[in-house]
Amino acid sequence: MVRRVLIPLFALALGIMTVMPAMAQANPTVKVATDATLGKMLVDGEGKTLYLYSRDEKGVSNCYDQCEQRWPILRPPAGGAPTGSADIAGTLGTISRKDGTMQVTYNGIPLYYWYQDEKVGDTKGQAVGGVWWVLAPGLNQITPAAPAPSPAPSPAAAGAPAAKPTGAGPAAQPSPAAKPAAPAQAPVAAASPAALPRTGGMPFDPTPVTAGLGAAGLALTAFGAALIRRRSRR
C-alpha cells in the first residue's frame with residue numbers, strides 16, 4: 001500500500017523537477033524582440049523594452065532617487081541568477097547597488113525600464129535626453145550621450161553681416177520692354193495759298209466789291225469838282 005502511494009508521488013516530483021527548468025528557459029529574464037523602426041533589441045521576459053544609461057559605467061549604476069523612479073531597474077529573479085534566450089549574444093550578470101538592491105546587467109551594462117512604456121512594444125524611452133538607448137544584441141560598450149546641438153552665433157555677436165538666405169534668390173525683374181519707335185511721319189507738303197481755307201466771317205471774296213466802291217468814289221469826286229467850277233463861273 002505504501003509503495004503504491006510513494007511511487008506516484010515520486011513520479012510526480014520527478015516530473016515537476018523536469019518541467020521547471022524548461023519553464024524558466026521559456027520565460028528568460030532577457031530575450032530579443034524586433035521593432036519595426038529600431039530593429040532587434042533586448043527586452044525582458046514579458047517583452048517590455050530594456051534600456052541603458054549613457055552616464056553609467058560597466059558594472060556601476062549612476063541612476064538613483066528621482067532617476068530610478070523614472071527608470072526602474074531590471075531585477076534578477078528571486079533566489080536565482082538571470083537567464084537569457086539563446087540569441088541575446090551576450091552575458092547576463094548582476095551588480096549590487098549602493099542601496100543594497102541587485103540589478104541585472106548585459107555584458108556589464110546595467111539594464112533599466114522607462115516608466116512611460118505602458119505595454120509590450122513601447123519604446124518611448126529611446127533617446128530621451130540624448131542619454132537613454134535601447135540595446136542591440138551583441139552590444140558590448142555603453143552608448144555615449146548624444147552631443148547637444150550648439151546654438152548658432154548671431155551675426156551681431158560674430159561681427160559678421162547677416163547670412164544671406166540660401167536657395168534661389170528673388171527672381172530677376174524683367175527689364176522693361178523697349179518702347180516701339182514712333183512711326184516715321186511723311187513730310188507734309190506745304191499748301192498753296194489757294195488751297196488754304198479762308199478765315200473770318202465773310203462768305204464771299206470782297207475784292208470785286210472794293211473795286212466797285214473805289215470807282216464810284218472817283219466818279220462822285222469828279223462830279224463834285226464839276227459842280228464847284230460851275231458855281232465859280234457865275
Checking Tyr113 now: which residues fulfil ring-ring contact (aromatic ring centres under 6.0 Å, His included) with it, not counting sequence neighbours?
none

Would you check if Tyr51 and Asp117 make a side-chain contact, meaning some heavy-atom pair closer than 4.5 Å?
yes

Distance col, row Leu139:CG vs Leu52:CG, nearest 0.5 angstrom, shows 6.5 Å

From Asp56 atom CG to Thr143 atom OG1, the distance as rounded to the nearest 0.5 Å:
11.5 Å

Hydrogens and angles aside, do Asn140 and Tyr106 bring a side-chain donor and acceptor to less than 3.5 Å of each other?
no

Run the side-chain donor-acceptor check on residues 97-105: report pairs under 3.5 Å with partners two or more places apart or on a different chain.
residue, atom, partner, partner atom, Å
Arg97, NH1, Ser61, OG, 2.7
Arg97, NH1, Gln103, OE1, 2.8
Arg97, NH2, Cys63, O, 2.6
Arg97, NH2, Glu68, OE1, 3.1
Asp99, OD1, Thr101, N, 3.2
Asp99, OD1, Thr101, OG1, 2.7
Gln103, NE2, Leu111, O, 2.9
Thr105, OG1, Gly93, O, 3.4

Do the side chains of Leu135 and Val30 join up, straight or via other hydrophobic residues, at under 4.5 Å, putting them in one cluster?
yes

Sub-4.5 Å side-chain heavy-atom contact between Thr29 and Pro76:
no

Is it true that Ile73 and Tyr53 fall in one hydrophobic cluster, defined by side-chain heavy atoms closer than 4.5 Å?
yes

Is a side-chain donor-acceptor pair under 3.5 Å present for Trp132 with Ser54?
no

So with a 6.0 Å cut-off around CG of Asp87, is the heavy-atom count from everything else above 12?
yes

With a 4.5 Å cut-off on side-chain heavy-atom distances among I, L, V, M, F, W and Y, is there a chain of contacts connecting Leu42 to Ile142?
yes

Of all heavy-atom pairs between Pro82 and Thr94, which one has the smallest distance, and what is that distance?
CD-CG2, 3.8 Å

If Ile, Leu, Val, Met, Phe, Trp and Tyr residues are connected whenever their side-chain heavy atoms lie under 4.5 Å apart, and connections chain through other members, are Ile109 and Trp133 in the same group?
yes

So if you build clusters from Ile, Leu, Val, Met, Phe, Trp, Tyr with side-chain heavy-atom gaps below 4.5 Å, do Val60 and Leu74 land together?
no

How long is the span from the NZ atom in Lys31 to the CG atom in Asp44, to the nearest 0.5 Å?
7.5 Å

Using the test salt bridge (charged side-chain N to carboxylate O under 4.0 Å, His left out), find all partners of Asp35 that sit at least two apart in sequence or belong to another chain.
none

Is the closest side-chain heavy-atom distance between Val32 and Pro137 below 4.5 Å?
yes

Does atom CD of Glu46 have more than 12 heavy-atom neighbours, drawn from other residues, nucleotides or ligands, at distances under 6.0 Å?
no

Do Met41 and Thr34 make a side-chain contact, defined as non-hydrogen atoms from C-beta onward lying under 4.5 Å apart?
no

Output the distance between atom NZ (Lys48) and atom NZ (Lys119), rounded to the nearest 0.5 Å.
10.5 Å

Do Thr123 and Leu38 make a side-chain contact, defined as non-hydrogen atoms from C-beta onward lying under 4.5 Å apart?
yes

Quick check: do Glu118 and Lys124 have side-chain heavy atoms less than 4.5 Å from each other?
yes

What do the steps show when you test Trp71 against Tyr115 for ring-ring contact (aromatic ring centres under 6.0 Å, His included), and what is the final call?
CA-CA 6 Å; Trp71 299 92; Tyr115 81 112; 7.9 Å; no

